Amino acid sequence: MRKILTILTTTSMVFAIMSCKEKDKNVAVTGVTLNPKTATLTISNDLTLTATVLPNDATNQAVTWQSSNIAIASVDNGKITALSMGTANIIVTTADGNKTDTCVVTVEGVLGIASFATESMWIVGSQTWSDAVQTTFCSNKTTYNGGSTSAGFNIDCRSNPDQKGDLFSWRAVNELKDQLCVAPWRVPTAEDFKNLDIAMEGSGENRTGDLEFINSKYLDPSVWGGVFGGFSAGNGSLANQGSGAYYWSLSEISATHANILGLGTWGGGTINVQHNNGKQFGFTLRCIKDN
């Protein structure tokens with residue numbers, strides 16, 4: 001009987017020693033660090049963060065990810081996707097100890113810093129018109145992909161080096177309006193085009209079938225700094241260079257068309273006026289502000 005008890009006692013001591021050794025192997029998490037801690041992305045771009053759990057030999061290396069604003073940037077297993085302009089905090093949290101670290105992500109517009117082609121301004125009536133807008137990230141080729149609604153048109157622009165101002169899709173103008181025309185400037189509306197005509201002694205009358213009518217007899221582009229810079233088709237080709245000037249407004253006509261001011265010598269030298277066009281085309285943008 002004493003032999004059996006001795007064996008059991010010895011066995012229990014062995015298990016106890018083994019259990020202590022197993023506990024000694026469990027290394028607790030003391031922290032976590034992200035690389036990088038700040039990031040700047042443009043819309044639709046992505047970046048994968050690296051999370052290092054401390055110490056390096058911590059037993060439980062599991063972490064979870066969270067974005068403070070999923071409308072601006074989402075995160076999946078450390079991969080950030082930029083969705084819209086703004087700032088979001090990407091937070092990593094350890095499963096052991098709830099240790100956290102943060103990466104501050106700033107999402108910029110895809111067209112970069114906007115500026116005017118020249119410093120010239122034109123005061124017409126009670127409003128001031130800027131020169132044409134150009135950007136730092138404008139490509140040499142459009143990537144408009146067509147589609148039946150504005151959502152099908154990529155945010156993009158076509159550089160127009162031989163003319164003043166880049167050529168933007170309507171979606172670029174609409175979604176990045178605050179970046180392209182920085183306050184107190186704004187993107188004009190069809191009503192602004194009408195007021196421009198009236199201020200230049202035009203009639204500002206409506207015409208059947210169009211949102212606004214502009215009296216082309218008075219609206220010579222040179223009077224308010226306009227240039228016949230042409231436009232960009234959906235496939236990236238340039239057209240009407242030297243014979244047409246096309247300017248976006250924010251006024252929609254349908255899911256696929258918006259109101260524009262289009263001036264061109266299509267009728268044997270007389271300046272004719274066009275009133276709307278497809279959102280997938282690349283037109284010039286002029287900003288406006290109230291005096």
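Computed from a predicted model, the values in this text were never measured in an experiment. Numbers here are sequence positions counted from 1.
The shortest side-chain heavy-atom distance between T256 and K279 does not fall under the 4.5 Å cut-off. Taking 4.5 Å as the limit, some side-chain heavy atom of S130 sits within range of a side-chain heavy atom of M121. At least one side-chain heavy atom of L285 sits less than 4.5 Å from a side-chain heavy atom of C181. With contacts defined as side-chain heavy-atom distances shorter than 4.5 Å, the pair F193/S249 qualifies. Residues N89 and V104 are in side-chain contact: their nearest non-hydrogen atoms beyond the backbone lie under 4.5 Å apart. Counting heavy atoms from C-beta on, the side chains of W185 and T128 come closer than 4.5 Å. No side-chain heavy atom of T284 sits under 4.5 Å from any side-chain heavy atom of Y246. Contact annotation: the side chain of L250 approaches that of N174 to within less than 4.5 Å [non-hydrogen atoms, C-beta and beyond].
With sequence neighbours left out, D131 forms a salt bridge (charged side-chain N to carboxylate O under 4.0 Å, His left out) with K164. Scored by the side chain to side chain donor-acceptor pair (under 3.5 Å) test, N45 finds T42 as partners (sequence neighbours excluded). Taking the disulfide (SG to SG under 2.5 Å) definition, one finds that C103 meets it with nothing, sequence neighbours left out. Residues meeting the salt bridge (charged side-chain N to carboxylate O under 4.0 Å, His left out) test with K289, sequence neighbours left out: none. Every residue two or more places apart in sequence or in another chain was checked for a salt bridge (charged side-chain N to carboxylate O under 4.0 Å, His left out) with D57, and none qualifies.
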Would you list the atom pairs, donor with acceptor, under 3.5 Å between side chains in residues 46-53 and any protein atom, with sequence neighbours excluded?
none

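Note that CD1 of I260 is 13.5 Å distant from CH2 of W170, once rounded to the nearest 0.5 Å. Taken to the nearest 0.5 Å, the CD1 atom of I288 stands 7.5 Å off from the OG1 atom of T189.
For the pair T94 (side chain) and K99 (backbone), a donor-acceptor distance under 3.5 Å is present. Checking side-chain atoms of S251 against main-chain N and O of A190 turns up a donor-acceptor pair under 3.5 Å. Under a 3.5 Å cut-off, the side chain of N291 and the backbone N or O of I123 do not form any donor-acceptor pair.
Shown here is I70, whose CD1 atom has no more than 12 heavy atoms of other residues, nucleotides or ligands within 6.0 Å. Residue K37 places its NZ atom among more than 12 non-hydrogen atoms of other residues, nucleotides or ligands, all under 6.0 Å distant.
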- Item | Candidate pair N240 and F231, rule side chain to side chain contact (heavy atoms under 4.5 Å, CB included), full reasoning | CA-CA 7 Å; N240 286 15; F231 69 93; 4.0 Å; yes

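Linking Ile, Leu, Val, Met, Phe, Trp and Tyr whenever their side-chain heavy atoms come within less than 4.5 Å leaves F116 and F137 in two separate clusters. Both L263 and V124 belong to a common hydrophobic cluster when Ile, Leu, Val, Met, Phe, Trp and Tyr are linked at side-chain heavy-atom distances under 4.5 angstrom. Taken together through direct or relayed side-chain contacts under 4.5 Å among Ile, Leu, Val, Met, Phe, Trp and Tyr, I80 and W65 form part of one hydrophobic cluster.
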